[in-house]
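What follows is one structure encoded as structure tokens, with my remarks underneath.
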Amino acid sequence: MTTPGAPSAPVRGLDLPDFPWDSLAPYKARAVAHPEGIVDLSVGTPVDPTPQVVRRALAEASDAPGYPLTVGTADLRAAICEWFERRRGVPGLTADAVLPTIGSKELVAWLPTLLGLRAGDVVGIPAVAYPTYDIGARIAGATGVVAQSLTSLGPLTAATTPKLLWLNSPGNPNGQVLGVPHLRKVVEWAREHGVVVAGDECYAELDWRDGHVGTATPSILHPDVCGGSHEGLLAVYSLSKQSNLAGYRAAFVAGDPALIGAILEVRKHAGMIMPTPVQHAMAVALRDDTHVQTQRAAYARRRELLLAAVTRAGLRVDHSEAGLYLWATREEDCWTTVSDLADRGILVAPGAFYGAAGSQHVRIALTATDERIAAACSRL
């Protein structure tokens, strides 16, 4: 029993690492000091305007006095299903198989918890990976383990078999696309071992491979991958990149209705709800392919210029066949490359943020204006 007046026990937060981007502050200061200003290519935040068709939709739905539905409006869920069939070749999704989320990072960070993982459970993550996969495991008390290949986990036991396996295609930071045969093999393995597979597919509309521009990369929910059954599978998607909606926090998860239902129940209790106006705007965005084509063309133009300049400057670009980044290396410590580019007024992200396997790479974002991209090319 606590003695009256005695100090209470200190509140203990979660045991999480320092936020990685904070360590970029001194390099950012050097880049800002460049006589012609900083070219910030460190974070993939959109800089182009939110499409007018989406902004009008948001305004039209701005009278929203009542609480929104956690499950999403019927119209939004229909729009998600339509989009999957039209753009990803995934037919037959039903309303109980899709769920809006407050951005995709929120879903990534909380998915292990929403699925009931706890201490002792394992979450498989790529060797070069978006840091939030590991953070999500830590929040749940689980353990993130690199699972770059199905054999890298070694002989499986009850203790070492992942409860959840993350795939990321196109990859962040490296832009690697996983093909249908690879995805199918993972799905077959996961079903054999009772593993839930979550595919982070947020860059799917930004495929730069010859013959693929204008098409989307393969989804884990595609019939050629999963045999028409979505059991044990989840696909995560965001409109931040394709529609410049990062500020709207407009995203969704789709797949196995049983998993979606379990996630929904927790989200209803926790009040994890997308605002009604955003739900309406998101449905409109999903049904309008024109603005996505326009944005893709802008990124393609910037990518072509920056890729040529980075290569001329002596960096090798690996993968990067899709997405919003160039995964580049001089085969030196990534912080040395970050420092050199900061002296030129260009800020990039060190590959070490994405795991030990990225320690000699830097991530260079395409998310800057045409003028800033031109400035970076000139300095390189």
Side-chain angles (χ1 to χ4, degrees), residues 9-20 99 101-169 171-172 178 183 185-201 220 226 229-236 253-272 352-358:
V11 175
R12 293 182 61 191
L14 294 171
D15 183 19
L16 301 179
D18 293 336
F19 190 61
L99 182 65
T101 65
I102 313 163
S104 59
K105 183 173 184 176
E106 170 258 300
L107 190 278
V108 170
W110 288 102
L111 185 60
T113 299
L114 294 171
L115 293 177
L117 273 66
R118 53 183 62 88
D121 291 334
V122 172
V123 177
I125 61 177
V128 177
Y130 184 45
T132 311
Y133 303 138
D134 180 60
I135 294 298
R138 293 178 184 231
I139 290 173
T143 303
V145 174
V146 171
Q148 185 59 20
S149 68
L150 299 180
T151 59
S152 63
L153 292 167
L156 293 179
T157 66
T160 62
T161 301
K163 293 288 178 62
L164 173 66
L165 176 67
W166 278 106
L167 298 180
N168 183 203
S169 177
N172 174 14
L178 303 179
L183 294 173
K185 183 177 180 181
V186 171
V187 168
E188 291 171 351
W189 173 90
R191 286 175 172 166
E192 179 183 350
H193 296 284
V195 179
V196 173
V197 180
D200 181 349
E201 304 177 351
I220 197 168
C226 65
S229 168
H230 298 155
E231 182 181 359
L233 305 179
L234 295 169
V236 181
V253 59
D256 186 338
L259 294 176
I260 295 294
I263 293 168
L264 172 62
E265 283 305 307
V266 180
R267 295 179 71 85
K268 288 194 304 188
H269 283 292
M272 297 168 129
F353 283 2
Y354 307 95

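Numbers for residues simply follow the sequence, beginning at 1.
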Ala147 and Gly124 have their tightest heavy-atom pair at CB-CA, 4.1 Å

Over all heavy atoms of both residues, which pair between Ala137 and Gly144 is shortest? Give the atoms and the distance, please. CB-N, 3.8 Å

Once the angle between the rings of Trp189 and His193 is folded into 0 to 90°, is it parallel (under 30°), tilted (30 to 60°) or perpendicular (over 60°)? tilted

Going through the checks in order, is the side-chain contact (heavy atoms from CB on, under 4.5 Å) test met by Leu111 and Leu234? CA-CA 10 Å; Leu111 185 60; Leu234 295 169; 4.1 Å; yes

Can you tell me how far CD1 of Ile263 sits from OG1 of Thr113, rounded to the nearest 0.5 angstrom? 11.5 Å

Considering residues at least two apart in sequence or located in another chain, which fulfil the salt bridge (charged side-chain N to carboxylate O under 4.0 Å, His left out) criterion with Lys268? Glu265

Walk me through whether Tyr130 and Ile125 qualify under side-chain contact (heavy atoms from CB on, under 4.5 Å). CA-CA 9 Å; Tyr130 184 45; Ile125 61 177; over 6 Å; no

Roughly how far apart are Ile260 CD1 and Leu264 CG, rounded to 0.5 Å? 8.5 Å

Any side-chain heavy atom of Asp200 sitting closer than 4.5 Å to one from Trp166? yes

Taking all non-hydrogen atoms of both residues into account, name the closest pair between Val123 and Ala142 and its distance. CG2-CB, 4.3 Å

Rounded to the nearest 0.5 Å, how far does CG of Asp256 lie from CD of Glu231? 6.5 Å

Rounded to the nearest 0.5 Å, what separation is found between the OH atom of Tyr133 and the CG atom of Leu164? 10.5 Å

Partner set under salt bridge (charged side-chain N to carboxylate O under 4.0 Å, His left out) for Glu106, not counting sequence neighbours: Arg267

Residue pair Leu114, Leu107: steps toward the side-chain contact (heavy atoms from CB on, under 4.5 Å) verdict: CA-CA 9 Å; Leu114 294 171; Leu107 190 278; 4.1 Å; yes

Applying side-chain contact (heavy atoms from CB on, under 4.5 Å), run through Arg191 and Leu233 and close with a yes or a no. CA-CA 9 Å; Arg191 286 175 172 166; Leu233 305 179; 3.6 Å; yes

Please report the shortest heavy-atom distance between Ala357 and Val128, naming the atom on each side. CB-CG2, 3.6 Å

Any side-chain heavy atom of Thr160 sitting closer than 4.5 Å to one from Val122? no

Less than 4.5 Å apart, any side-chain heavy atom of Val236 and any of Thr101? no

How would you list, by chain and number, every residue that makes a salt bridge (charged side-chain N to carboxylate O under 4.0 Å, His left out) with Lys163, sequence neighbours excluded? Asp121

